[in-house]
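A note on names: the letters A, B, ... follow the listed sequences, proteins ahead of strands, and every chain is numbered from 1. Remember, it's a predicted structure, so these values are computed and weren't measured experimentally.
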There are 2 protein chains.
Amino acid sequence: MSPSRRHSDPQPTLATVAERAGVSRQTVSNALNNPELLREDTLAKVRAVIAEVGYTPNRAARQLRTRSSHMIGLRFEEAQEGTSNATMDRFVHTLVEATARTGHHIVLFAGDPDDPLDGYDELLRATAVDAFVITDTYAGTPAADLLSRVGAPYVTFGRPWDDPSARHPWVDVAGAHGARLATEHLLEVGHARVAWLGWEAASRIGEDRRAGWEAAMAAAGTSSDGLGVRITDNVDAARMAAHELLEDPTVTAFACASDTLGIGVLHALAERGLRPGADVGVVGFDDSLGAQVTWPGLTSVRQPLEQVAIEIVDLLHTVLSHKTVTEPARMLEPTLVVRRSTRRDSAR
Amino acid sequence: MSPSRRHSDPQPTLATVAERAGVSRQTVSNALNNPELLREDTLAKVRAVIAEVGYTPNRAARQLRTRSSHMIGLRFEEAQEGTSNATMDRFVHTLVEATARTGHHIVLFAGDPDDPLDGYDELLRATAVDAFVITDTYAGTPAADLLSRVGAPYVTFGRPWDDPSARHPWVDVAGAHGARLATEHLLEVGHARVAWLGWEAASRIGEDRRAGWEAAMAAAGTSSDGLGVRITDNVDAARMAAHELLEDPTVTAFACASDTLGIGVLHALAERGLRPGADVGVVGFDDSLGAQVTWPGLTSVRQPLEQVAIEIVDLLHTVLSHKTVTEPARMLEPTLVVRRSTRRDSAR
DNA sequence: GGTCTCGTGTGGAACGTTCCAAGACTAGGG
DNA sequence: CCCTAGTCTTGGAACGTTCCACACGAGACC
């Protein structure tokens with residue numbers, strides 16, 4: 001029994017592979033990164049040895065030399081009730097899958113909720129990540145500004161609301177279009193006066209969606225006066241607002257800025273003995289799990305989050321390969337998922 | 001204007017700091033990693049320079065030398081409808097925060113859904129992560145077995161169902177206890193015959209929870225014969241099962257293995273014109289967003305996911321510092337969140 | 001006064017990779 | 001036959017950090 005016998009064989013390195021293949025280290029490196037430089041038989045031989053010993057390049061060494069970590073930073077925000085938080089993992093999952101295809105990984109980091117910049121520069125200075133994906137553009141874009149200033153690559157999910165002249169790459173979903181789809185659907189189903197339950201005026205996203213509702217109402221030639229309400233994103237606030245609007249019997253439909261609000265309306269209907277769909281139409285926003293499971297099913301605007309993630313990775317890839325981004329801004333369109341809350345027939 | 005002027009100053013390194021502070025590289029390294037080795041004034045001087053130039057150690061270099069990346073791998077599973085998926089981001093968020101406190105980060109990776117091992121050894125061989133957190137112990141623990149075999153550290157969320165003799169560190173929530181709490185609560189509120197809606201027998205977690213219901217029923221001296229049902233985790237299956245059970249007028253309460261099933265019961269009640277809480281009691285499991293927003297609010301068993309994450313990080317920390325783990329298995333207890341679906345008074 | 005210890009600080013080497021400049025071999029042209 | 005151009009391969013250096021062995025000076029002890 002040899003005394004220095006290791007519990008398992010040490011990790012194979014470039015040198016190990018080179019020796020076994022009878023070539024130099026650099027040749028093995030080329031086999032991995034520039035295979036076209038090698039003669040066919042040499043390449044085949046090296047590859048065989050790589051497979052045989054199960055060699056994988058050491059990321060740290062590669063990162064040290066090339067100054068690129070193949071890691072993408074994503075600040076994982078505090079789970080805030082309501083908004084699009086619940087839909088976040090649909091997005092993150094596709095992001096992980098899409099980045100994997102280019103050999104990148106997603107690194108999550110936390111940050112002080114009161115400091116939108118916290119965490120970014122630490123990772124950057126430690127050269128732990130190559131780029132960032134920024135998802136919170138609700139409250140301006142301080143993180144994006146910071147990264148621009150230090151010249152770090154990033155892509156945002158969300159347009160630069162405050163600065164239309166910003167030239168950084170971003171992907172967003174046309175919320176106004178989604179609200180318009182929702183409203184048009186309700187009008188088509190036969191509702192004349194469609195109310196809007198939206199967020200406070202400070203929310204850019206909320207105002208954008210509201211604009212879609214207004215546009216659809218205007219296009220139908222219906223006045224939207226007194227039908228639009230701004231409240232906080234919370235079931236009870238929506239329930240109470242719905243009760244108030246339903247005092248006017250001509251109001252028979254609600255388009256909402258979120259599923260939470262839509263569910264609040266359903267609560268109000270339940271309390272009034274009104275049937276969702278048959279009596280009053282309701283549309284939510286985000287197609288969250290809540291919309292899917294709540295009784296009797298809430299029609300909702302679905303954001304193409306998978307596509308958003310794919311576009312973001314595509315932009316990241318372009319930015320990281322130092323190409324100029326020809327089209328840095330991409331706006332995607334949401335779709336409508338119809339459920340029983342907008343079906344006039346009460347048949348199941 | 002100097003011709004070689006860079007857009008921004010290059011990253012400061014250990015050498016930069018050493019030179020400015022008039023000490024050697026090693027002394028700066030010690031200031032960071034072994035401050036007790038330095039004289040007080042030297043330490044102060046070095047720290048001042050570090051702060052002044054904004055130095056952060058390069059992770060790649062450190063990782064290369066110390067062979068530890070301070071990264072924790074987490075395979076981000078496909079979002080599967082139902083189960084505890086919806087609650088996953090509550091868990092992940094705390095995990096990120098807790099790991100940050102020890103200077104670690106979470107790296108997400110994807111894997112072929114059909115291959116539970118996919119992705120693990122690639123990260124491992126590339127020395128990209130120090131350890132893993134494994135969250136899917138439903139279908140056995142092939143990933144854990146792989147990691148054990150190659151000697152890689154890991155902690156699982158979920159006990160080793162198939163192998164009680166397994167000695168790896170894990171954290172889990174006592175599902176049986178949760179179901180027991182749910183059932184006892186329903187009995188206390190005045191329901192005599194509490195039905196159980198659970199998953200198929202193949203689910204270890206499902207059977208564990210069911211055992212809690214059976215225990216509570218037995219303790220109350222009530223027969224549970226014919227009251228336990230095994231179905232797939234889906235709203236409609238639960239709705240139909242509830243309709244069937246409600247044909248027996250003595251059945252006035254349901255404990256469920258998931259919120260999805262609980263919501264299915266609420267659908268059935270709505271269709272029968274029965275009032276949740278007042279007429280029939282319903283308890284779900286997981287305290288998902290759905291339980292919180294669905295009308296009129298679903299009482300549910302809440303898993304202490306934040307605590308689970310904290311315990312996992314604690315175990316990871318112990319494992320990574322090569323200490324022997326004194327208590328590798330930790331079972332946490334869930335709590336009951338009471339909402340209107342179990343309130344007999346119909347007052348709001 | 002020499003030696004031994006202790007508290008501090010130093011410079012060389014190493015981690016595993018890729019960049020760089022140059023070497024070895026092959027083939028083609030004068 | 002030599003020179004050159006081109007193809008393929010090579011060893012040395014470098015990335016920024018930490019490990020290691022050792023140097024230095026001060027005080028304690030014999």
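- Remark: the backbone N or O of B/S69 is not paired with any side-chain donor or acceptor of B/R62 at under 3.5 angstrom.
- Along DNA chain C, the nucleotide nearest to B/T27 and the one nearest to B/R67 differ in position, and the one closer to the 5' end is contacted by B/T27.
- Under the 4.5 Å side-chain criterion, counting only non-hydrogen atoms from C-beta, A/M71 is not in contact with A/D130.
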For a salt bridge (charged side-chain N to carboxylate O under 4.0 Å, His left out) check, start with the C-alpha distance between A/R330 and A/D314, then their side-chain angles and the critical distance, and finish with the verdict. CA-CA 11 Å; A/R330 303 191 182 171; A/D314 183 51; 2.9 Å; yes
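- Aromatic ring orientation, A/F109 versus A/Y120: perpendicular (interplanar angle above 60°, classes split at 30° and 60°).
- Nearest-nucleotide mapping onto DNA chain D: of B/S29 and A/E36, the residue sitting toward the 5' end is A/E36.
- No more than 12 heavy atoms of other residues, nucleotides or ligands sit less than 6.0 Å from atom NE2 of A/H317.
- Side chain of A/D118 to backbone of A/D112: a donor-acceptor contact under 3.5 angstrom is found.
- Nearest heavy atom pair, residue A/L316 against residue A/F132, reads CD2-O, 4.1 Å.
- Protein chain B contacts DNA chain D from D/dG16 to D/dC20, reading 5' to 3' and using non-hydrogen atoms of the protein with a distance under 4.0 Å.
- Counting non-hydrogen atoms of other residues, nucleotides and ligands closer than 6.0 Å to CZ of B/R20 gives a total of 12 or fewer.
- With the end axes of the helix from C/dG1-D/dC30 to C/dG30-D/dC1 each set by five pairs, the angle from one to the other reads 70° at 10° resolution.
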Test side chain to side chain donor-acceptor pair (under 3.5 Å) applied to B/Y154 and B/S148, step by step: CA-CA 8 Å; B/Y154 66 96; B/S148 289; 2.7 Å; yes
Strictly under 3.5 Å: I want the nitrogen or oxygen pairs between protein and nucleotides 19-24 of chain C, one per line.
from	atom 1	to	atom 2	distance (Å)
C/dC19	N4	A/Q26	OE1	2.5

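- Residues A/R75 and A/T135 come closest through the heavy atom pair O-OG1, 4.5 Å.
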